[in-house]
Amino acid sequence: MTKPSAAARRVVQLRSAGVALILDLRSTALPTVVHWGADPGPCGQDELDAMAAAAVPPHVDNLIDVPVSHSVLPEGHTGWFGIPGLSGSRQGKAWAPRFTVNTAVQEGQRLTVEAADPSTALGLRLTIELTGSGLVRLRTAVRNDGDDDYRVDAVSTVLPVPERAGELLDLAGRWSRERQPQRGPFNMGVHLREGRRGRTGADAATMVVAGVEGFGFRSGEVWAVHTAWSGNHRTWAERTGEGFRTLGGGESLLPGEIVLRPGESYDPPELFFGWADGLDELASRFHRHLRARPHHPGSPRPVNLNVWEAVYFDHDLDTLLALAERGAAIGVERFVLDDGWFHRRNGPDRGLGDWFVDEQSWPDGLHPLVERVKELGMTFGLWVEPEMVSPRSQLAVAHADWIMRARPQLPPASRWQQVLDLANPEAFDHVLARLSAVIAEYGVGYLKWDHNRDLIEAPGVHRQTLAAYRLMDELRAAFPGLEIESCSSGGARVDLGILEHTDRVWASDCIDPLERQTIQRWTSQLIPLELIGGHVASAVSHTTGRRHDLAFRAITSLFAHFGLELDLTKLDDAETAELAGWIEIYKRYRGLLHSGTLVRDEYPSSGRWLTGVVRPELALYSVAALRRSDEEPAGRITFPGLDPARRYTVRLVGPNRDDLGNRPGWLDSPARFGGATLGTVGVRLPALRPETAMLIEISALPDTAP
Ligand code: GLA
């Protein structure tokens, strides 16, 4: 344990993993950021003082007469005209806070600042921490110290980025096409990504990145912000005429959603900020942070067989048993029964809320299936959608008042369903009890937890989000070892808030590997591969109608938490054997894939993407052709991330890889290369047809090898 030390009235340097955050606390005002970025090394107090003094902007015409500054929670009185740190009031009064710091305590790489403002009767706590992997984790709490109500409209915290951060990147998307990158100049004004869907959203920014122009995966300074929240949220980049560039975030509150009674506090979602040289290093900081959590999944990620695209709502025991048998025979380790098992649920417009097994499809309950699944050595997972209700379900009929609505009429249905108000304790207890009963009866080890609609005019998204988190936590506490997958119409609930309560995310309803290359590439900007569900689906994609060979589908799913989602009974013997081969490969490499460092690269003229996971002794790369090349043959590929000082062998991996045409001779000889050669000179690879991929293992030779 590091001893706490008083940090008030001085300049404080937090340092971790090559990153420094230097904060000016010399006055009684809230801390301002002197520097966030590369670590200049340990600095003495004199140097820190000089750095802070040299960071003060000079006076220029037409600004206030003292230097304009802003803290991590910007206040108007400092001459700040950007997004205010705190918006709120007491019936239109007390809306302009001017906090003074009472105490600031540094404990290791964490600074806790307690501030108060008598004029608005508010208290504020800022907890600013540099995590082990070099992320800045920013937590805020606003307390009402007055004796009347204080209405919070927004709490917005920011970190500054320097002038050289001239380009922005964030993600966007829609159902079945989540996390698509968009880039543009860092223009004046606010580039605001706001989610008001009552869930994270298929179109969520996921992170907003500012970087030096032309930044890429491997190099170029980048600064990024992520808002760790699954309800309404805002994430932005702002540039003002006074030369301020900031990244910020916070919760997007509905009017009157947070009204603090005297003594109450509001804790907005945490923000995570990352600085790095290149997007890969940025991703690695997030991955290392997530992997260091005590509850991060530690066991090898089992091969899932999810039956959704195999049977949809058609729950026939014999078919499901056949799938289980075939799955177990080729190495599946977890069988997940998707939507359609509960009361009258033979279509998407009914049954939600009635969480007991349908007697018509399942006269003996799920027992015959579950028992066989377990006999076959697999664990059993089940689909649920606890926050939702079908208007014609027994639950909706008995408890119409549990359905969320802003007025007597219901909001428009979406996917024929409505939202259950989980902040209502009776509704919460009912769902908890029903789910607990099903989990206990069948020894369910895994829940695929879905959330299939936006919330429309839903009063209380904040408390609904917290209630969903609590429901997950109570189930996990009651059933130790229970894992939860966060699904939301595919990948519409992917954020670090939900990952505090779940064990993986379903990246998208689109399992077409061509689409998945992009979706997984950018999902992994935030989340390590072991937390991203990726399945091998049928040859013809159910969402796009494109056809792909098994190698492309399997290699794409390897760079995720691998699973299957297709009708195994339709495969011929050769396809079944090839699929078994890919499962074996996943099992051989999952230790590496789920602990190593992710590297990415792209070759725009040949349309090839490289994705790799590297440890010093072993690396696995996929090279995928996303389209036809402009040039044929395409140029050399280099392999980033290897140890330049070690020597390696390179080989193609996978069943049936003789189908790759024009196999260069060097691949069949025992060629050995230095890590520096592979990283800088590169090699020629077999030609790839469009929408195919190859898998390459690069393993280090023992130091004694000739
Ligand atoms: C959502 C999920 C799918 C599937 C269906 C079931 O769309 O994303 O994977 O579980 O619901 O209704």
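Just follow the structure's listing: the first ligand is 1, and inside any ligand the first atom is 1.
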Options Asp509, Val307, Ile511, ranked by nearest heavy atom to atom 8 (O) of ligand 1, top entry: Asp509
Glu194 bridged to Arg196 by N-O distance under 4.0 Å: yes
Within 45° cone and under 6.0 Å: Arg193 NZ/CZ vs Trp236 ring: no
Protein heavy atom at shortest distance from atom 10 (O) of ligand 1: Asp338 OD1, 2.7 Å
Arg301: which of Glu485, Glu483, Glu530, Glu333 passes salt bridge (charged side-chain N to carboxylate O under 4.0 Å, His left out): Glu483
Arg197, Arg405, Arg407 screened by salt bridge (charged side-chain N to carboxylate O under 4.0 Å, His left out) with Glu457, the one that passes: Arg407
Cationic N near anionic O, under 4.0 Å, Asp358 to Arg345: no
Arg600 and Thr611 side chains, donor-acceptor separation under 3.5 Å: no
Those atoms of ligand 1 less than 4.0 Å from some heavy atom in Gly490: 8 (O)
Any N or O of Arg345 closer than 3.5 Å to N or O of ligand 1: no
Check against side-chain contact (heavy atoms from CB on, under 4.5 Å), Glu602 and Phe217: CA-CA 9 Å; Glu602 57 195 29; Phe217 288 116; 3.7 Å; yes
Region of Asn306 engaging ligand 1 - heavy atom pairs below 4.0 Å: neither
Atom 1 (C) of ligand 1: the protein heavy-atom neighbour that sits closest, reported with distance to 0.1 Å: Asp450 OD2, 3.0 Å
Heteroatom distance test (Asp339, ligand 1): nitrogen or oxygen, under 3.5 angstrom: yes
Contacting atoms of ligand 1, where contact means under 4.0 angstrom from a heavy atom of Asn452: 1 (C), 7 (O), 11 (O)
Ligand 1 to Ser489 polar contact by distance, N or O atoms, under 3.5 Å: no
Electrostatic pair Glu515-Arg177, nearest N-O below 4.0 angstrom: yes
Nitrogen or oxygen of Lys448 less than 3.5 angstrom from that of ligand 1: yes
Nitrogen or oxygen of Cys487 less than 3.5 angstrom from that of ligand 1: no
Pro348 touching ligand 1 at heavy-atom level, < 4.0 angstrom: no
Region of Arg415 that comes within reach of ligand 1 [heavy atoms, distance under 4.0 Å]: side chain
Exam field: side chain Arg179 to backbone Ala507, donor-acceptor pair closer than 3.5 Å: yes
